[in-house]
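Data first, discussion second: the structure below is written as structure tokens.
So you know, we letter chains A, B, ... as the sequences are listed, proteins then strands, and number each from 1. Basis for what follows: all heavy atoms, side chains included, without hydrogens, waters or symmetry-related copies.
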Amino acid sequence: MVEVVRSTVVPAPIDRVWSVLRDFNSHHEWHPAVRESRIEDGLRSDEVGCVRRFSLADGAELREQLLRLSDSDHSYTYCILDAPIPLYDYVATVTLKPVTDADATFWEWRSSFRTPPGQENQLALLVAESIYEAAFDALTARLTSGSTRSRDGSASPVPAKSSGDRVCGGVVLQAFGGPENLKWGPVSAPPPGPGEVRIEHRAIGLNYIDVYCRTGYFRLAEPPCPLGMEACGVVTDVGEGVDGILRGDRVAYACAPVGAYVECRTMPAALLVVVPDEISSEQAAAIMLKGMTAEFLLHRVHRVRDGDVVLVHAAAGGVGQFLCQWARAIGAEVIGTVGSQDKVRVARDNGCSHPIVYREENFVQRVAEITDGRGVDVVYDAVGRDTFVHSYDALAERGHLVSYGQASGPIEPIDIAAFAAKSATVSRPNFGHYTSTPQQVRAITDRLFRALRQGILRVDIGQRFGLSDAADAHRALESRQTRGSTVLIP
Amino acid sequence: MTGVVKVYTSSVIDAPADRVWAQVRDFNGLPSWHPLIADSRIEGGDPPDRVGCVRSFTLRDGGSIRERLLALSDFDFLCVYAILESPMGVEDYVATLKLTPITDGDRTFAEWSAEFECALGREQELAEQIGQGVFQSGFAALNSLMTRR
């Protein structure tokens with residue numbers, strides 16, 4: 001067994017050094033040997049068991065797993081899973097200790113491993129110098145030089161907190177009404193307070209709910225205010241007490257307080273999730289709200305299983321497409337309703353085996369034919385008034401009617417006793433109740449990002465508008481000229 | 001009623017760890033480097049590196065203390081001892097002095113920690129007295145002694 005120990009003293013307080021080192025994925029920000037790194041499977045970098053996959057400057061790829069992380073000892077242990085260098089049974093521990101009579105930190109890095117015979121000294125030296133000592137120098141320079149390299153390559157002062165408000169551009173709704181009330185102008189993002197971060201948007205998702213907010217049909221925000229429910233961006237400043245999100249991280253959110261149509265914004269870190277590297281900012285901005293909705297509808301409100309028969313209304317619509325894709329991947333048979341012939345193909349492309357044009361055919365009758373009179377196990381209905389009663393008619397015994405919207409208008413009062421005729425269940429889920437804690441959001445987005453990576457879900461970005469052209473985007477959306485998802489680019 | 005106190009201090013000594021260890025491993029050697037200690041002897045004529053031996057020493061202010069060596073490691077550069085008698089009013093006092101080499105610059109990371117119980121309300125005062133008055137001042141003296149030449 002070869003043992004390597006290297007240690008140094010960094011002239012910075014332990015909390016600052018630890019805030020960098022405890023992020024198992026931070027090394028590509030500061031270690032000169034590491035070119036790119038990401039955490040596999042959408043896990044967080046402080047999740048014990050997570051695996052970092054990274055590449056070195058020469059292109060070599062390594063995978064390392066976090067075995068132990070202790071905030072009380074300021075220490076972590078990890079092992080190599082895969083490496084092109086013959087380091088076998090490599091286990092390393094990094095430990096920090098405060099120097100109590102100076103504003104400094106003792107940093108020790110020790111490891112043990114096996115090598116092919118004769119290569120012990122050469123590999124021990126490689127590990128000690130190219131990895132440990134190079135890290136000491138680079139991080140010390142970063143923590144003491146007053147500047148830092150962020151992941152997108154731009155330099156800015158350390159500490160990352162800047163003092164003043166940041167003024168940037170945004171689309172502000174002047175008064176409830178038409179798209180002409182959306183005006184480009186300056187908005188300010190204050191320095192992040194405790195638990196907050198400031199982010200710079202890369203892409204913003206457009207949703208029909210934005211139109212409702214603009215007209216005042218939904219009173220989710222009072223003008224003058226920026227609109228927008230979802231976006232993806234890069235963290236530029238981090239407030240006190242924020243865990244797990246670092247400057248330079250790419251993050252996304254859905255259904256935060258209205259106001260995503262801006263270039264930069266300050267918001268609670270608890271609302272944000274870190275976006276895995278292989279998911280683009282546009283994809284994340286386009287899928288957060290609709291994809292998270294599809295996740296809790298299919299996996300939480302009703303748990304769709306292999307062999308179920310599912311009816312999705314507006315199967316070619318925003319959430320409808322994801323419901324079809326995902327339900328099909330689970331193994332369900334998907335029946336869908338669409339408004340016109342040209343949407344039949346869209347629905348089919350998204351996994352809907354039986355698209356029904358509801359204006360031409362009676363969908364209850366069609367469902368009965370397709371299911372040999374049995375009906376469907378679950379209906380996903382966001383149409384509301386026009387479909388609700390018929391959706392019930394399409395249910396099988398012990399079926400589940402999930403009403404998650406009312407695009408066609410309010411639903412008439414229902415006679416719950418009549419549901420006994422089928423032992424039916426009815427749900428009226430609310431996005432907020434499935435996403436009220438960071439843990440809930442995280443559980444949903446973990447599965448969502450996994451589904452994206454596995455190709456279960458596909459994001460079709462039909463069009464992009466400049467952020468300042470948000471009014472045109474609204475016009476296109478309202479006149480049904482858009483296809484797939486629409487994103488606004490700052 | 002008693003309160004439990006933990007004291008942790010550390011310092012960087014600008015000398016190689018084996019040299020610093022040679023200075024501090026002598027359980028009877030406190031007067032040669034610690035400014036508070038006037039004289040010291042090992043009871044019963046035991047050698048000072050015999051684990052279990054008791055040192056009895058006098059402070060410059062006249063107080064006397066007896067401490068038992070609980071552990072000594074030339075491998076870890078570590079020494080653990082307990083107070084048997086002292087005027088400080090502490091119970092179950094166990095302290096650890098440990099040196100770790102700093103490979104960058106061939107220096108020494110020195111840690112001195114203690115855990116003990118005392119009368120409620122005295123925790124702060126004793127933590128200050130032991131942490132700053134005894135440990136940290138010891139490191140300062142050790143550092144100037146080791147770097148004098």
Ordered numerically, the heavy-atom neighbours of chain B under 4.5 Å found in residues 105-138 of chain A are A:Phe106, A:Glu108
Please determine whether the number of non-hydrogen atoms from other residues, nucleotides or ligands lying under 6.0 Å from atom CZ of A:Arg68 exceeds 12. yes
Using a heavy-atom cutoff of under 4.5 Å, enumerate the residues of residues 7-15 of chain B that contact chain A, numbered in order, or state 'none'. B:Tyr8, B:Thr9, B:Ser10, B:Ser11, B:Val12
Could you list which of residues 92-101 of chain A have a heavy atom closer than 4.5 Å to any heavy atom of chain B, in residue-number order? A:Lys97, A:Pro98, A:Val99, A:Thr100, A:Asp101
For residues 80-117 of chain B against chain A, heavy atoms under 4.5 Å, the residues are B:Thr100, B:Pro101, B:Ile102, B:Thr103, B:Asp104, B:Arg107, B:Phe109, B:Glu111
